[in-house]
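Values reported hereafter were calculated over all heavy atoms of this structure, with side chains retained and with hydrogens, waters and symmetry mates removed.
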Amino acid sequence: KSSHKNRGKQQSRNSVIKFGTVKISRLGTRRSYKTPTYALIIYARFMSQTLFTRIIQGQIPGTFVYRDDLCVAFMTINPISAGHVLVVPIDEVDEWTDLSSELSSHLFEVAAQIGRAQKTVFKCERIALIIAGFEVPHCHLHLIPSNSMADLSFENAAATASRDELEQSSTLIIAELRRMNVAGAL
C-alpha cells in the first residue's frame, strides 16, 4: 500500500518525476518542467544523443583542436599515446561505411592535416589511423602518434588522462595547425 504522499513519484538514477513538476538532474544540470510529458521528451532526447554529440554540443567538457561545419577533432581521454586525437563528424553517423562520400572525404582530409601536425609535434615515425567504432556508436577516426605496431593496442590505452596532459598536447597541435594555416584550427 502506498501512501498519498508517495503516490505518483517515480525515482531512477537519472530523474525524479512528481505530480505537477518534473525535475531532471543529469550531469550537474537541474531543470524543472511543468508537465511530465515535456520533461520526458527532453530527457529522452538527451539520453538518445551519443557521448560525442554531448561533447560537441558542450554538455560534456572536451579538449578540441579543430572545428568546422562538418566535423570536430578533440583529444581522447583514453589515449594510447600522447597526442591521440579523435576526428568526429558533427552529424551522428554510427558506422564509417554509412558516411556520405563527401563527408568521408572531408574527415580524411582533416585527419591528414591534423596527422601532419601531430607528426611534427610528437616527432613520431607515423600517425596511425584506426576506425574501430565499437566503444561509441558515432563514427570517429583515431589519430595516434606511433613508432611501431606495438604502439597501437587499445589494451595499452590509459584509463584516463589529466586535463593538463590533454591541454598540453592540444596546445602543441593547435599551434602547429595554425603555423600550417589550417582553417578550422582553434
Matching residue for His138 among Ile90, Val88, Leu51 - test: side chain to side chain contact (heavy atoms under 4.5 Å, CB included): Val88

Cluster link Leu166 to Ile144, ILVMFWY, side chain under 4.5 Å: no

Side-chain heavy-atom pair Glu165, Met75 within 4.5 angstrom cut-off: no

Of all pairs that satisfy ring-ring contact (aromatic ring centres under 6.0 Å, His included), the ones with a partner from residues 156-186, not counting sequence neighbours: none

same_hphob_cluster(Val110, Val65) at 4.5 Å side-chain heavy-atom cutoff: yes

Residues in ring pair (Phe, Tyr, Trp, His ring centres under 6.0 Å) contact with Phe122, at least two apart in sequence or another chain: none

With sequence neighbours excluded, residues passing side chain to side chain contact (heavy atoms under 4.5 Å, CB included) with Asp98: Val93, Glu95

Which residues share a side chain to side chain contact (heavy atoms under 4.5 Å, CB included) with Gln168, sequence neighbours left out: none

Ring pair (Phe, Tyr, Trp, His ring centres under 6.0 Å) partners of Phe74, counting only residues at least two apart: Phe52, Phe64

Within-4.5 Å side-chain heavy-atom neighbours: Pro89 and Cys139: yes

Atom pair CD1 (Ile127) and OG (Ser81), whose distance is rounded to the nearest 0.5 Å: 7.5 Å

Pair listing, side chain to side chain donor-acceptor pair (under 3.5 Å) test, anchored in residues 60-71, at least two apart: Thr63-Arg163, Tyr66-Asp68, Asp68-His106

Path from Ile114 to Val121 over hydrophobic side-chain contacts below 4.5 Å: yes

Pairs involving residues 130-156, ordered by first then second residue, that meet salt bridge (charged side-chain N to carboxylate O under 4.0 Å, His left out) (sequence neighbours left out): none

By side chain to side chain contact (heavy atoms under 4.5 Å, CB included) - contacts of Ser100 (at least two apart): Glu102, Leu103

Verify same cluster id: Phe154, Val85 (apolar side-chain graph, 4.5 Å): no

Path from Ile130 to Trp96 over hydrophobic side-chain contacts below 4.5 Å: no

Pairwise side chain to side chain donor-acceptor pair (under 3.5 Å) hits with a residue in residues 108-133, at least two apart: none

Flag for Thr50-Thr53: side-chain donor and acceptor within less than 3.5 Å: yes

Those residues that, when tested against Leu129, pass side chain to side chain contact (heavy atoms under 4.5 Å, CB included) (two or more places apart): Phe108, Ala111, Ile131, Leu141, Leu143

Residue pairs passing the salt bridge (charged side-chain N to carboxylate O under 4.0 Å, His left out) test where at least one lies in residues 174-186, sequence neighbours excluded: Glu176-Arg179

Residues forming a ring pair (Phe, Tyr, Trp, His ring centres under 6.0 Å) with His84, sequence neighbours excluded: His142

